[in-house]
Amino acid sequence: MLQQEPHAVLPEATQDELARQEYMFHLGKFCQREVNTGLRASYENRALPEYVAAHGREPADRHQVRKAMEGQLYYQLSSSMQRTTQEMLWNSVDETIQRQLPELIDKAARVSADAPGSLTLDPDFQMPKYIAGNDHHAMPGGYSGDLMPGDVTAGALYDRGGFIYTQGLFGARMDGIGKAAVRFIRERFPDLEPTRILEMGCTAGGQTIALHDAWPDAKTHGIDVGAAVLRYARARAASWGKPVHFSQQSAEHTRFADASFDLVTCLATLHETSRSAVPNIFAEAYRLLAPGGLFVLSELPPYEGATPFEVFSRDWDTLNNNEPFWGAVHELDLCQLMREAGFPADTVFETFAAGVASANALDTDVPVENKKFVGSTRGGGQSWFAGARKL
């Protein structure tokens, strides 16, 4: 098991807690690589023939495939195992956090006190309903949880729990998505040397630090909606001496002035928002960019071109993992929405590039082949990028 790099506010597990977390790490891998891979055989040998016999044709889309699979015992078993494993994973980490929460809060305050960078919270911030009303990927409290003054639980859960959830594919610093984006940007836009960078939806700050490390002379900002994730992100960055600026803002409407940034990123964040939020986020990115500035987003690839069974497999999170916008965002024409936000049509792009694990130089440490048949790839395979440039 790849070890997560320690920092000032990473929860310190006892031997028993660590054993439980490592067990969840390997149980999750077993479910994905050994159990879920049997779904195709269950579909082709049982569900598909039964559906054809009843309807005289094959399923036309993921919804019809799901109807065909819901009665299959193998699908019920695999889904139950995956969801239960997910909940057990978060509990194994939360146990460690709550045991030492007062100490973590104190550490976060002390390490952040005089460190370079900044943290700005908004006591009057109105949490978007699509965040406040949902615990995304079944993480207790989601991104908006704030248990007590100075709380850092949500950030610690995301950081440690996310490392286990992604099975180390995001790297020892949980910065693989950011490193993949940096690699893509440098290869595709070698002329871009940003001096002002914004990450929309920074959570625990892993990707924000990757952006800072790529362009250390730039002034780098990370925004998110949750106070607890931002306190944690600030302390995490401060403990490594990273002068990143974090603030509590919605990506739909920020407090930054027009043309404030040369690079705006939105990395694996859109699927946690809503259909009405996406156009606002794109319009805000356009407003915030200076002429020549670049907007880059990463997501799981659109469903277009995949077979109904493949789409059904990738859509598992929508109904089973507290990701209500998962399926819908992968059906949106994001490039068209960027054009509608004001980006010149000839600058809009979508493409595949190096995946998180390979971009993070983990090919020899972590198996990166995407063998996950249900839900997200969690870092394996290739990354999908889209974006545009403001002329």
Any side-chain donor paired with an acceptor under 3.5 Å for [X] and [Y]?
{"X": "Ser298", "Y": "Trp384", "result": "no"}
{"X": "Arg160", "Y": "Gln21", "result": "yes"}
{"X": "Asp16", "Y": "Thr14", "result": "no"}
{"X": "Thr318", "Y": "Glu323", "result": "no"}
{"X": "Arg57", "Y": "Gln64", "result": "yes"}
{"X": "Tyr143", "Y": "Glu272", "result": "yes"}
{"X": "Gln32", "Y": "Asn36", "result": "no"}

[X] side chain to [Y] backbone, donor-acceptor under 3.5 Å:
{"X": "Asn91", "Y": "Glu87", "answer": "yes"}
{"X": "Ser78", "Y": "Tyr75", "answer": "yes"}
{"X": "Glu284", "Y": "Thr254", "answer": "yes"}
{"X": "Thr269", "Y": "Cys266", "answer": "no"}
{"X": "Gln248", "Y": "Asp224", "answer": "no"}
{"X": "Gln72", "Y": "Tyr43", "answer": "no"}
{"X": "Ser92", "Y": "Leu89", "answer": "yes"}

Using ring pair (Phe, Tyr, Trp, His ring centres under 6.0 Å) as the criterion, list what pairs up with [X], not counting sequence neighbours.
{"X": "His55", "value": "Tyr51"}
{"X": "Phe246", "value": "none"}
{"X": "Tyr286", "value": "Phe343"}

Starting from Ile209, walk the hydrophobic network (Ile, Leu, Val, Met, Phe, Trp, Tyr; side-chain heavy atoms closer than 4.5 Å) and list everyone else you reach, by chain and number.
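Besides Ile209, the cluster holds Trp240.
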
For Leu294, the rest of its hydrophobic cluster, which grows through side-chain links under 4.5 angstrom
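In the cluster with Leu294 are Val182, Phe184, Ile185, Phe189, Leu192, Ile197, Leu211, Trp215, Leu263, Val296, Phe349, Phe385.
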
Identify, with sequence neighbours excluded, every residue that meets side chain to side chain contact (heavy atoms under 4.5 Å, CB included) alongside [X].
{"X": "Asn322", "result": "Arg83, Asn134, Asp135"}
{"X": "Ala290", "result": "Arg196, Ala259, Asp262"}
{"X": "Thr120", "result": "Ser247, Arg255"}
{"X": "Pro308", "result": "Val65"}

Step by step, would you call Thr265 with Glu199 a side-chain hydrogen bond (donor to acceptor under 3.5 Å, both in side chains)?
CA-CA 5 Å; Thr265 66; Glu199 185 193 5; 4.9 Å; no

So for atom CD, which belongs to Glu58, do other residues, nucleotides or ligands contribute more than 12 heavy atoms lying within a distance under 6.0 Å?
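No.
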
With hydrophobic residues grouped by side-chain heavy-atom distances under 4.5 Å, do Val278 and Val264 end up in a single group?
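Result: yes, single cluster for both.
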
Pairs meeting criterion ring pair (Phe, Tyr, Trp, His ring centres under 6.0 Å) with involvement of residues 260-284, two or more places apart
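Only His221-Phe261, Phe256-Phe261, His271-Trp326, Phe282-Phe295 qualify under ring pair (Phe, Tyr, Trp, His ring centres under 6.0 Å).
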
Pairs flagged by ring pair (Phe, Tyr, Trp, His ring centres under 6.0 Å) wherever residues 81-106 is involved - sequence neighbours left out:
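Listed by first then second residue: Trp90-His137.
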
Please list all pairs meeting side chain to side chain donor-acceptor pair (under 3.5 Å) that have one or both residues in residues 343-356, counting only residues at least two apart or in different chains.
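Every candidate side chain to side chain donor-acceptor pair (under 3.5 Å) pair involving residues 343-356 fails, so no pair, neighbours aside, qualifies.
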
Establish, yes or no, whether a centroid distance under 6.0 Å links the rings of His7 and Tyr232.
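Yes.
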
